[in-house]
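Report on one structure; see the data block that follows.
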2 protein chains.
Amino acid sequence: MLLLAVKVLNTENRNFLAKYGIEVVTPDTIKASQISEIVISYGWDNAIGEEILTNPSSKLKWIQAQSAGVDYLPLAQLKARDITVTNASGLKALPIAQTVLSYILYFARGLHMYATRTHWEPFTDQYLVSELPVLVFGTGRIGQQIAKLIKSFGGTVYGVNRTGHQVPNFDRVYAMTDYQEGLAKADIVVDGLPGTTETDDFFDERFFEQMNQLFLFINIGRGTTLNQSALLSAIDDSRVKYAALDVTTPEPLPKNHPLFERSQILLTQHTSWGENAQTGRAGGLFTFLEKNVPSFVTEGTFVQNVVDLDRGY
Amino acid sequence: MLLLAVKVLNTENRNFLAKYGIEVVTPDTIKASQISEIVISYGWDNAIGEEILTNPSSKLKWIQAQSAGVDYLPLAQLKARDITVTNASGLKALPIAQTVLSYILYFARGLHMYATRTHWEPFTDQYLVSELPVLVFGTGRIGQQIAKLIKSFGGTVYGVNRTGHQVPNFDRVYAMTDYQEGLAKADIVVDGLPGTTETDDFFDERFFEQMNQLFLFINIGRGTTLNQSALLSAIDDSRVKYAALDVTTPEPLPKNHPLFERSQILLTQHTSWGENAQTGRAGGLFTFLEKNVPSFVTEGTFVQNVVDLDRGY
């Protein structure tokens, strides 16, 4: 059984795979004749991916994505060909949650004023985390990690998910169809929604019309979930004071894009997942593959992190 | 008994004081004839303070400072006149600790690059809090609050105090005379020392010579504890990568001061204590006065927060 290692495997990883009769090729070493033989793609590379999917005799059965969101994969096509996608939901929850706290503290502790100030002019319009209740859309691994950090600062944090079922670390969770009570109590909104047809343009003009004076709007979900013009209008007429966006539409943003031109908006250019690769956690992706290998090899089944290709997450 | 309320008292506070026979005057309403009658100063105002201290028949016995550090008071003079100073150690521990975390996340999560970036150029040299061990000089209320937050991020935090006695929330505490082992393990140093003759210029050229490549130096103690030229040299030859200073010498810093001119240095202009006054915690100073009032009125003694006027804290 052939595995394409788009992401790096160490010796230990390779030994584990060998035990299950899995051979490894990499994008650098693969021969044209092997394209159709690939059964597992460990990580996804758009160029080779397309070669695989357009090959009529492809044996591809499983893609282990390197991310939590999988909206960049051709989900309908994969479904039609009966290819399973497993995601890496939770792999980047820790760095992303720390970036969300960095945004909150940046604006709450006045750093946005001091970052560019080159003369003495104290700025004291500051807040404790506990003075700014937070509403997080999306209560999966990333949302829960955000909530945990906010609680450790003594803060208040509400969540929103599809059904409104309660989730650890949140003071209360609301349903997507019924979030208004939570919104009325919040000074900070975190968009942590996956990119699906349901969430497309969810944060639109009507959403921002509900704002009186929101302190901070954060997007660490997907750029498609936010109507950026609606946000810009809300910023310009002070219904939203500040915004911090890790994801945008498009990426990269073109030069002179209006999002670059508002001093109230912080853009982190889709890098909220960053951590120091030298310290080991970067190898965490393999643990996602590893858990599913035994059942996949013996019976073609999966024990965790299978993506619903209709829902998209 | 007359109390000068430099800081605001609400009705409840005034009722409490009245029960103990304490009358209140404010800087706005005080008559010249009352200056010598003041027994308690609630908060300290330099101008009226000097009037009181130069009055030969002053009855001043107690100053409740509005801060943890009291180096701005004429301590030797107060000692000679047998005036007791109580501090507000802990009052601002929470906001100051949150500002320290804002500094750490600002540089660790790459915000210092994004704050001024107006084109698309992702910056991924990022760190988790757990990847940057911290050494905090000063393990009092502020230091402990900083340590608690770092632990909640899964981080490592060492402390330094006079004797090296262990303190809650720290992984290990070293003595001031023996901190080198802790320093060797740390990527971030927090100067949280009070301003005393012992700590004057503690972080000097010799201190910074020990650095190989420190990620971040933070000063939320007192400007006098840091030799700023030594820090600037360490920044300029990359022994220290970044610095975040809340306190400086002098304050305010003059225009064009070299600290303003280094992009690696963040200055927050002595406002790390900031919080939103509307939400109630600002009244916390009175709880410090309140605890000492009964014993002071009945026997002239104090139960907590008395400053050692020789040591200066």
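Scope of the values below: all heavy atoms of this structure, side chains included, with no hydrogens, waters or symmetry mates. Residue numbers begin at 1 in each chain, while the letters A, B, ... track the order of the sequences.
Contact count versus chain B (heavy atoms, under 4.5 Å) is highest, among A:G154, A:A115, A:S263, A:G110, for A:A115. When A:Y114, A:Y103, A:F123 are compared by the number of non-hydrogen pairs under 4.5 Å with chain B, A:Y114 comes out ahead. Among B:S102, B:A97, B:P122, the residue with the largest count of heavy-atom pairs under 4.5 Å with chain A is B:S102. Between chain B and the options A:K255, A:E121, A:H119, the largest number of non-hydrogen pairs under 4.5 Å is found for A:H119.
Atoms NE2 and CH2, on B:H270 and A:W120 in that order, are 8.0 Å from each other to the nearest 0.5 Å. Between the OG atom in B:S130 and the CD atom in A:E275 there is a gap of 8.0 Å [rounded to 0.5 Å]. For the atom pair A:T118 OG1 and B:L259 CG, the distance stands at 13.0 Å (nearest 0.5 Å). Between A:Q269 atom CD and B:R117 atom CZ the span is 6.5 Å, to the nearest 0.5 Å. In this structure, CG in B:L267 is found 11.5 Å from CG in A:L111, a value given to the nearest 0.5 Å. For the atom pair OG (A:S152) and NZ (B:K151), the distance works out to 13.0 Å, reported to the nearest 0.5 Å.
Counting heavy atoms from C-beta on, the side chains of A:Y106 and B:L105 never come closer than 4.5 Å. A 4.5 Å side-chain heavy-atom check between A:R109 and B:P95 finds at least one atom pair inside the cut-off.
When heavy atoms are compared at a cutoff of 4.5 Å, B:L101 approaches chain A by way of both its backbone and its side chain. Looking at B:F153, the atoms closer than 4.5 Å to chain A (heavy atoms on both sides) sit in the backbone and in the side chain alike. Of the two parts of A:T116, only the side chain, counted from C-beta on, holds a non-hydrogen atom closer than 4.5 Å to a non-hydrogen atom of chain B. For B:T99, the parts lying under 4.5 angstrom from a heavy atom of chain A are both the backbone and the side chain.
By the neighbour-count criterion of 12 heavy atoms within 6.0 Å, atom CD of A:E12 is sparsely surrounded, having that number or fewer from other residues, nucleotides or ligands. Atom NZ of B:K241 is surrounded by more than 12 heavy atoms from other residues, nucleotides or ligands within 6.0 Å. For A:N212, the CG atom is loosely surrounded, since the number of other residues' heavy atoms within 6.0 Å does not exceed 12.
Applying side chain to side chain donor-acceptor pair (under 3.5 Å) to B:Q126 and the options A:T268, A:T271, A:N276 leaves one that passes, A:T271.
Within residues 244-254 of chain B, the residues having any heavy atom closer than 4.5 Å to a heavy atom of chain A are B:T248, B:E251, B:P252, B:L253, listed by residue number.
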